[in-house]
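Only a predicted model underlies this, so the values are computations on that prediction, with no experimental measurement involved. Sequence positions, counted from 1, serve as the residue numbers for this chain.
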Amino acid sequence: AISYLERYLDCPFKYFASQVLKLPEERDEEAGLSPIERGHFIHDVFETFFREWQAAGHGTITTGNVADALELFESVAVHKLERLPEADRALERTHLLGSAAASGLAERAFAFEIEQGGEVVERLLEHVLEGTYTFAGENGPRAIGIKAKADRIDLMADGTLRIIDYKLGRAPKVSRSLQLPIYGIIAQQELEGYRGRS
């Protein structure tokens, strides 16, 4: 998995502890959801939202429909929040929906999409990319087996792909960021000819 390579580049000891020794994530019992639990929860909310948004016939989020998107997102989030322990709900609601002091994840994600522009034809959510893919190297092309799951791949009207990976912490350093560039290469190969498009 590409995230394992990034973890190794970021800190070989963290890689050793999690992937070799299989040590569990440390957590403070008073702190609510752990980072991994919060990550899974937020992925679930966004995946459900975009499935419902797409099923309702919506494509790109624009300034004209962002209010509808926020309304649907809040509905999905409230439903998912009910499954959390009561003590965690208020904090997670603020993360997702924001407060008077700061915007939530939904607002920031939708603002990003509006800013990027382009027409979304279809969204592939939690899309598995697994197989042998070709990469160009100094000594010519090389086939490498990769197993990955993209949080979201937006198929755009102009034939391009937009790969989205949700991050709760700081963005990875560009010099060590392998995930999105590699996902882009393998998604392009995997999706060539998808629905008769290049």
Tell me, yes or no, whether the heavy-atom count around K80 atom NZ, taken from other residues, nucleotides or ligands under 6.0 Å, exceeds 12. yes
CD of Q54 to CG of L124, rounded to nearest 0.5 Å, is 8.0 Å
I need the L97 CG to E107 CD distance, nearest 0.5 Å. 9.0 Å
Straight-line distance of F73 CZ to T48 OG1, nearest 0.5 Å: 9.5 Å
Does Y133 have its ring centroid less than 6.0 Å away from the ring centroid of Y183? no
Over all heavy atoms of both residues, which pair between T134 and Q189 is shortest? Give the atoms and the distance, please. O-NE2, 2.7 Å
For residues T160 and L155, determine if any side-chain heavy atom of one lies less than 4.5 Å from a side-chain heavy atom of the other. no
Judged by modelled atom types alone, do D151 and H43 share a side-chain donor-acceptor pair under 3.5 Å? yes
Is it true that E74 and R93 make a salt bridge, defined as a side-chain N closer than 4.0 Å to a carboxylate O? yes
Could you see if F50 belongs to whatever hydrophobic cluster contains I42? Use Ile, Leu, Val, Met, Phe, Trp, Tyr and a side-chain cutoff under 4.5 Å. yes
Heavy atoms from other residues, nucleotides or ligands near CZ of R142 exceed 12 (cutoff 6.0 Å): no
Check: T60/E113 side-chain N/O donor and acceptor closer than 3.5 Å: no
Tell me whether E52 at atom CD has more than 12 heavy atoms from other residues, nucleotides or ligands lying less than 6.0 Å away. yes
Is there a donor-acceptor pair closer than 3.5 Å between any side-chain N or O of W53 and the backbone N or O of G59? yes
So, R7 and Q19: side-chain donor and acceptor under 3.5 Å apart, yes or no? yes
How many angstroms lie between CD in Q116 and CE in M156, if you round to the nearest 0.5 Å? 8.5 Å
Indicate the ring-plane relationship of Y8 and Y15, choosing parallel, tilted or perpendicular according to the 30° and 60° boundaries. perpendicular
Atom pair NE2 (H95) and CZ (R38), whose distance is rounded to the nearest 0.5 Å: 4.5 Å
Just how far is it from atom CD1 of I153 to atom CG of L191, taken to the nearest 0.5 Å? 5.5 Å
Report the C-alpha distance between R195 and E122 in whole Å, list the side-chain angles of each, state the deciding distance to 0.1 Å, and finish with yes or no for salt bridge (charged side-chain N to carboxylate O under 4.0 Å, His left out). CA-CA 11 Å; R195 298 195 189 280; E122 183 179 356; 2.7 Å; yes
Determine yes or no for a side-chain-to-main-chain donor-acceptor pair under 3.5 angstrom, with E92 supplying the side chain and L81 the backbone. no
Any salt bridge linking E47 with R152? Criterion: basic side-chain nitrogen under 4.0 Å from a carboxylate oxygen. no
Testing the basics here: between E6 and L178, what is the closest heavy-atom pair and its distance to 0.1 Å? OE2-N, 2.7 Å
Parallel, tilted or perpendicular: which describes the rings of F16 and F13, with under 30° parallel and over 60° perpendicular? tilted
Quick check on Y4: does its OH atom have over 12 non-hydrogen neighbours (other residues, nucleotides or ligands) under 6.0 Å away? no
Quick one: does any side-chain atom of S75 pair with a main-chain N or O of E71 as donor and acceptor, under 3.5 Å? no
